[in-house]
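For reference, the structure is listed below as structure tokens.
Order of listing sets the numbers, starting from 1, for every ligand and every atom in it.
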Amino acid sequence: MEKIISFSRKCAEKNDPWHRFDHLEMAASNAAMIAEKEGADREVCEVAALLHDICKAEPGDHGTSGAEKAKGFLLSIGLGPGFADRVAEAIHFHDKESESRSPEGAVVWDADKLYILTPKGFITRMAPYWITRLGEQEGVEKAVYEYYFFRERINTKTARGIVERHSELMGRIIAELGKK
Ligand SMILES: [Fe+2]
Ligand SMILES: [Fe+2]
């Protein structure tokens, strides 16, 4: 695990401030928690979450390139091809819609999106990320759009429960933003 963490940390240095190692670390701890509750393979989920954005700074589809890079790395440190493939599959689909996610892919998707669907994550990560890219008005609109987009696409009962618990406050925040 130590080797995987330091690889993740090193790759994430090139990412924008919202996708650095702290994001990967948080996704991994969410993934472990959700995996345990949902009965998915905790190790696959945790490793995939730790590595899911290692190609975020590169042009093109970072799920596809990240999956390949992660697989190569995991094989190079002696992990088995079966494990590496399962991790790669979850990374590959973390940024794509899919009708047939593996249970681990479903957990990693949720673990990646969970924080931005809570008030703290929405305000400190989702909104600033889009405002930086699109300006204040359009950035806020995009962040609100993304909130509802990802909320509808949460896979697991565990993550849905957490999102639900925050939904009333999120509704008030969004209503307030609409008045500005
Ligand atoms: Fe990503
Ligand atoms: Fe991510």
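Through direct or relayed side-chain contacts under 4.5 Å between Ile, Leu, Val, Met, Phe, Trp and Tyr, Y115 connects to M26.
Listed by first then second residue, pairs satisfying side chain to side chain donor-acceptor pair (under 3.5 Å) with a partner in residues 6-17 read D16-H19, not counting sequence neighbours. Residue pairs meeting the salt bridge (Lys or Arg N to Asp or Glu O under 4.0 Å) criterion with at least one member in residues 20-38, sequence neighbours excluded: E36-R42.
K142 and E146 are joined by a salt bridge, as a carboxylate oxygen and a charged side-chain nitrogen come within less than 4.0 angstrom of each other.
Between the Fe ion (ligand 1) and the N, O or S atoms of H62, the shortest distance is to NE2.
Between the H92 side chain and the E89 main chain, no donor and acceptor come within less than 3.5 Å of each other.
Counted by atom type alone, H52 and D95 present zero donor-acceptor pairs between their side chains at under 3.5 Å.
Around the Fe ion (ligand 2), the protein contributes the following N, O or S atoms at distances under 2.8 Å: H23 NE2, H52 NE2, D53 OD2, D112 OD1.
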